[in-house]
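Heavy atoms only: backbone and side chains are in, while hydrogens, waters and symmetry mates are out.
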Amino acid sequence: MVRDVLSILIDREKIAGRVRALGRELAADLEAELRRDNAGRDAAEDAGRVVFVPILTGALIFTADLVRELPLKLSLRVVAVSSYPGTSVESKGAKLAGELPRDLAGKHVVVVDDILDSGQTLGLVEDLIRMQKPASVRVCVLLRKPESVRKRAVEARYVGFDIPNEFVVGYGLDFDGFYRNLPDICVLKDEAIRGARGQ
Ligand code: IMP
Ligand code: MG
């Protein structure tokens, strides 16, 4: 696996530092929301109105680290989205695979994904969640590719790193289902991609 890596774009220490900072930012913003909801009441953190919705499978590792930075009462409700058939390194259309979490009405929802690329995945999930009339919806991504690749506009309020339009793997991101367990965000060698396609 490691010999398929061409270079490291973002190493594990840098990721960890940024995830901690995102956690602090999210905690402060969510606590402020809860205080507003609770005006006059105390124990904002006990409200249980914060729901994190990670998009499987890419957001798994990022979410695991992120939520452990949050000293808040929150629940986790996963959503699975699959891409329409195509090549593994291109953005395809997204469709829901399985159930969408229910009873999000009145909740403060944070949708988490590994990367904002064409915007189709997050756009779809955000639309479906908004139909349930949550109190607020925030989008948090570890990586964001340039706006020029967007097929659909998505406002991500929390972004770990802006990266160039390059295909990356590791820390949850895959190529053909593999490399998610690399601890750093990496670029693969051409031959690893060609090899997987039998070229
Ligand atoms: P979007 O719907 O095009 O925004 O794509 C989002 C999904 O495509 C992500 O959740 C990833 O699973 C996948 N994706 C997009 N770019 C990359 C990449 O550079 N490496 C690995 N997966 C990617
Ligand atoms: Mg993927």
Side-chain angles (χ1 to χ4, degrees), residues 15 17-82 91 93-147 149-163 171-172:
I15 297 171
R18 190 69 191 110
V19 171
R20 274 195 295 276
L22 282 175
R24 281 195 296 273
E25 209 182 316
L26 265 163
D29 291 356
L30 290 166
E31 273 160 3
E33 288 274 21
L34 293 171
R35 271 198 302 275
R36 276 195 292 275
D37 290 357
N38 274 15
R41 277 172 281 158
D42 47 34
E45 70 274 17
D46 286 330
R49 281 194 300 273
V50 174
V51 183
F52 273 65
V53 180
I55 302 178
L56 295 178
T57 305
L60 208 76
I61 292 172
F62 174 40
T63 307
D65 285 343
L66 182 66
V67 293
R68 283 179 291 171
E69 297 296 331
L70 295 164
L72 286 177
K73 187 170 180 180
L74 60 86
S75 54
L76 276 174
R77 310 286 298 276
V78 298
V79 62
V81 172
S82 63
S91 284
K95 67 173 191 285
L96 200 65
E99 298 258 314
L100 188 78
R102 289 182 202 287
D103 36 272
L104 298 175
K107 300 281 170 39
H108 296 290
V109 177
V110 182
V111 184
V112 185
D113 206 0
D114 51 0
I115 189 164
L116 173 57
D117 184 17
S118 74
Q120 286 160 302
T121 303
L122 277 159
L124 171 74
V125 172
E126 204 184 335
D127 284 351
L128 293 171
I129 285 175
R130 283 194 191 279
M131 284 179 197
Q132 293 188 36
K133 306 255 183 295
S136 67
V137 182
R138 293 173 160 75
V139 171
C140 175
V141 292
L142 178 71
L143 306 174
R144 179 170 63 185
K145 288 191 184 174
E147 209 160 319
V149 305
R150 224 78 77 229
K151 289 186 178 144
R152 150 159 204 184
V154 170
E155 200 212 317
R157 208 185 301 190
Y158 307 90
V159 177
F161 302 94
D162 277 299
I163 63 163
Y171 198 72

Does [Y] offer a backbone N or O that forms a donor-acceptor pair with the side chain of [X] under 3.5 Å?
X: Glu155; Y: Val139; result: no
X: Gln132; Y: Leu104; result: yes
X: Arg150; Y: Lys145; result: yes

Close side-chain approach of [X] and [Y], heavy atoms under 4.5 Å:
X: Leu22; Y: Phe62; answer: yes
X: Leu56; Y: Val79; answer: no
X: Val51; Y: Val110; answer: no
X: Ser82; Y: Lys95; answer: yes

Val137/Arg130 under side chain to side chain contact (heavy atoms under 4.5 Å, CB included): CA gap, chis, key distance, verdict: CA-CA 8 Å; Val137 182; Arg130 283 194 191 279; 3.7 Å; yes
Chi angles and distances behind the salt bridge (Lys or Arg N to Asp or Glu O under 4.0 Å) call for Asp65, Arg18: CA-CA 11 Å; Asp65 285 343; Arg18 190 69 191 110; over 6 Å; no
Evaluation steps, side chain to side chain contact (heavy atoms under 4.5 Å, CB included), between Ile115 and Leu142: CA-CA 6 Å; Ile115 189 164; Leu142 178 71; over 6 Å; no
Going by atom types alone, do Tyr171 and Asp114 pair a side-chain donor with an acceptor below 3.5 Å? no
Of the non-hydrogen atoms in [X] and [Y], which two are nearest, and what is the gap between them?
X: Ala59; Y: Asp113; result: CB-CA, 3.8 Å
X: Val81; Y: Leu96; result: CG2-CD1, 4.3 Å
X: Gly123; Y: Val154; result: N-CG2, 3.8 Å
X: Gly106; Y: Ala135; result: O-CB, 3.5 Å

Would you give the length of the straight line joining atom [atom1] of [X] to atom [atom2] of [Y], rounded to the nearest 0.5 angstrom?
X: Leu116; Y: Arg152; atom1: CG; atom2: CZ; value: 10.5 Å
X: Asp37; Y: Ser136; atom1: CG; atom2: OG; value: 8.0 Å
X: Leu70; Y: Leu30; atom1: CG; atom2: CG; value: 7.0 Å
X: Lys73; Y: Leu34; atom1: NZ; atom2: CG; value: 11.5 Å
X: Leu66; Y: Ile61; atom1: CG; atom2: CD1; value: 13.5 Å
X: Arg77; Y: Ile129; atom1: CZ; atom2: CD1; value: 10.5 Å

Between the side chains of Arg24 and Asp29, is the shortest nitrogen-to-carboxylate-oxygen separation below 4.0 Å, so that they form an ion pair? no
Lys/Arg N to Asp/Glu carboxylate O, Glu147 vs Arg144, below 4.0 Å: no
Side chain to side chain contact (heavy atoms under 4.5 Å, CB included) evaluation trace for Val111 with Glu126: CA-CA 8 Å; Val111 184; Glu126 204 184 335; 5.5 Å; no
Test Val141 against Arg157 for side chain to side chain contact (heavy atoms under 4.5 Å, CB included), laying out the working first. CA-CA 8 Å; Val141 292; Arg157 208 185 301 190; over 6 Å; no
Can you tell me which residue among Leu74, Leu26, Val50, Val112 is in a side chain to side chain contact (heavy atoms under 4.5 Å, CB included) with Val67? Leu74
Go through Glu33 and Arg138 one step at a time and tell me if the salt bridge (Lys or Arg N to Asp or Glu O under 4.0 Å) criterion holds. CA-CA 12 Å; Glu33 288 274 21; Arg138 293 173 160 75; 3.0 Å; yes
